[in-house]
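Before any comments, here is the structure.
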Amino acid sequence: MLVYYLLLIGSLAIGIPLCRLKHGKKIYCGLAGVALFLVAALRSGVGYDYNLYGNLFYQYQSESELFLSIHKEEKGFVIPVKYLAYATDDYQIMFVVIAAIITAAVMLYIYFYTEKAYLGVFCFLAFGVFFNSMCFMRQMIAASILLFAMQYIKKKQFYRFAVLVLFASVFHVSALVMLVFYFLLRIKMNWISLGVYSGILVLYFIFSEKALEFITKYVYTGYQLGSNAEITGGITPIYMIFFGIFFVLAFAVRKRLCEKDSFNNVLINCMFFDVFFEAMGAKHAVISRFAILFIIPAITVLVPQVITVYMELCKEKFGKNKKKLMASKAAVLAAFAVFCTGMYTFMIVNNYNGVYPYQTIFSERGTEDAEQ
């Protein structure tokens, strides 16, 4: 648990003073990236999918290229892992490479698009996205690629957006849904769109079983009703509530956010669809995985801007009274810090995505040596 709190505290304790220096943002993103990479790359048995991926490594190593060509996993993952397996028998190298790809993409995105990089990193941790990267690895690689497709929504360049979506889909086919969301993310988020989406959510809860029975006859046949726990049951709604609170905060100041940058409407939509799919996951857990495709830009770019807007509102309301201004700003920051730390702690204590307890490859091997 200690390593996770060191990351969270360090993201602010090091980031706040460092980012005030010339070139400090670049140095900070580099340092934060190294820290996140090392924690993810050197873990052992951490993440529900860790052993699954380890078994896949050995499976790919033993199987022929011809058999792998018809394998169900996406070829963007299968082929590189097969070549890694030629070079080494140690599957840990696979986790090192995956950690490098995801961390580099996220930190570059934060560097280029988040004004206060330390808040971007803090939110990446506090909202559990870093924990996702240690579990749903193929989908997180796809989501990391999609980060850089977002700029083409702003530029209204669908074909370039589509190229990156197709590239992301070779790592996880779920990325293909973003071809539809290219248009949905551009719709103005207001009470009307919110009402329409809420109506769709109600219909989902009424007819989801029938829809899944139809869909899984043709695709994702392994996810037929009753086939596994992720289809039969749902996840706790607490994560939907966590993300929902920040969507409400963003929605309340959406006009101001969009005045700053019209692209913030896309980010508000991303936050909403994160909540939307988490809500769907309350009935069928597997549906919540679509939220991963939207969460990184919503958390790392939008949330810091939302905090900034509320700080600006404090200044506008109490600007003439320094004591009230300082007190109101302190209250906003304290509420944000306490809530995020509480959310982070809840995830760790409840072993979110199998990330607790944390163990490194060195501690595991040390235990094995002691037993021998």
Side-chain angles (χ1 to χ4, degrees), residues 36-37 40-41 43 46-57 60 71-81 94-107 109 124-125 127-150 161-162 164-182 185 215-216 219-220 222-223 228-231 234-235 239-240 243 270-271 273-281 284-300 347 352-355:
L36 294 174
F37 164 72
R43 75 190 190 278
V46 177
Y48 287 135
D49 287 354
Y50 181 91
N51 291 328
L52 170 65
Y53 277 77
N55 290 332
L56 285 175
F57 179 89
Y60 297 165
H71 210 277
K72 67 176 182 178
E73 269 80 27
E74 291 82 352
K75 300 305 177 287
F77 175 75
V78 173
I79 295 172
V81 171
M94 174 180 58
F95 296 108
V96 172
V97 172
I98 291 173
I101 292 170
I102 295 173
T103 304
V106 170
M107 292 312 304
Y109 186 73
F124 182 71
L125 290 162
F127 283 79
V129 190
F130 178 60
F131 297 151
N132 288 338
S133 73
M134 294 194 287
C135 190
F136 310 120
M137 287 168 275
R138 287 184 297 120
Q139 196 169 19
M140 278 295 293
I141 292 173
S144 299
I145 295 168
L146 292 173
L147 288 175
F148 299 95
M150 290 292 177
F161 176 85
L164 283 179
V165 169
L166 293 174
F167 178 50
S169 72
V170 304
F171 295 95
H172 204 280
V173 71
S174 66
L176 290 174
V177 303
M178 295 303 290
L179 294 174
V180 175
F181 280 95
Y182 172 86
L185 292 175
I215 292 170
T216 54
V219 294
Y220 292 111
Y223 287 105
N228 60 58
E230 284 195 288
I231 285 292
I235 59 173
Y239 305 114
M240 176 198 70
F243 302 136
C270 284
M271 180 65 85
F273 284 113
D274 178 58
V275 178
F276 185 82
F277 285 114
E278 288 286 347
M280 285 186 163
H284 302 291
V286 70
I287 305 296
S288 68
R289 291 197 181 190
F290 284 104
I292 294 171
L293 302 176
F294 304 92
I295 193 171
I296 302 177
I299 296 305
T300 60
M347 291 181 178
Y352 181 69
N353 287 331
V355 299

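For clarity, every value in this text was computed on a predicted model and none was experimentally measured.
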State, yes or no, whether a side-chain contact exists between L293 and Q139 at a heavy-atom distance under 4.5 Å.
yes
First locate atom OG of S133, then atom CD1 of I101, and finally report the distance between them rounded to the nearest 0.5 Å.
12.5 Å
For residues M271 and I299, determine if any side-chain heavy atom of one lies less than 4.5 Å from a side-chain heavy atom of the other.
yes
Please give me the minimum heavy-atom distance between A105 and L147, naming the atom from each residue.
O-CD1, 4.3 Å
Here the pair of heavy atoms bringing A143 nearest to I296 is CB-CD1, 4.3 Å
Begin with the C-alpha distance, continue with both residues' side-chain angles, and end with the deciding distance and a verdict on side-chain contact (heavy atoms from CB on, under 4.5 Å) for L166 and L176.
CA-CA 7 Å; L166 293 174; L176 290 174; 3.8 Å; yes
Give a yes or no on whether the backbone of A40 and the side-chain of R43 come within a donor-acceptor separation of less than 3.5 Å.
yes
Passes side-chain contact (heavy atoms from CB on, under 4.5 Å), L164 versus M178? Steps please.
CA-CA 10 Å; L164 283 179; M178 295 303 290; over 6 Å; no
About how many Å separate CZ of R289 and NE2 of H172, when rounded to the nearest 0.5 Å?
6.5 Å
Can you find a pair of side-chain heavy atoms, one from V81 and one from Y53, that are under 4.5 Å apart?
no
What orientation do F161 and Y182 show, parallel under 30°, tilted 30 to 60°, or perpendicular over 60°?
tilted
Can you find a side-chain donor-acceptor pair between S169 and E74 that sits under 3.5 Å?
no
Just say parallel, tilted or perpendicular for the rings of Y50 and F95, cut-offs at 30° and 60°.
parallel
Side chains of F273 and L185, heavy atoms from C-beta outward: is any pair under 4.5 Å?
yes
Kindly determine whether I141 and I102 satisfy side-chain contact (heavy atoms from CB on, under 4.5 Å), including the steps that lead there.
CA-CA 6 Å; I141 292 173; I102 295 173; 4.0 Å; yes
State, with a plain yes or no, whether a side-chain heavy atom of F131 is found less than 4.5 Å away from one of L125.
no
Write down the atom of A175, the atom of V165, and the distance for their closest heavy-atom approach.
O-CG1, 3.3 Å
Side chains of F136 and N353: closer than 4.5 Å at any heavy-atom pair?
yes
Quick one: does E278's side chain have a donor or acceptor within less than 3.5 Å of a partner on A291's backbone?
no
Any donor-acceptor N/O pair, T103 side chain to A100 backbone, under 3.5 Å
no
What distance separates L52 CG from M137 CE, expressed to the nearest 0.5 Å?
8.0 Å
Y239 ring center near Y352 ring center (under 6.0 Å):
yes
Under 3.5 Å donor-acceptor, D274 side chain and C270 backbone:
no
Tell me, do V170 and F77 make a side-chain contact under 4.5 Å, heavy atoms counted?
no
CG (D49) and CE (M134) are apart, to the nearest 0.5 Å, by 12.0 Å
Shortest non-hydrogen contact between F37 and V96, atoms and distance:
CE1-O, 3.3 Å
From CA spacing to verdict: side-chain contact (heavy atoms from CB on, under 4.5 Å), F294, F277
CA-CA 10 Å; F294 304 92; F277 285 114; 3.5 Å; yes
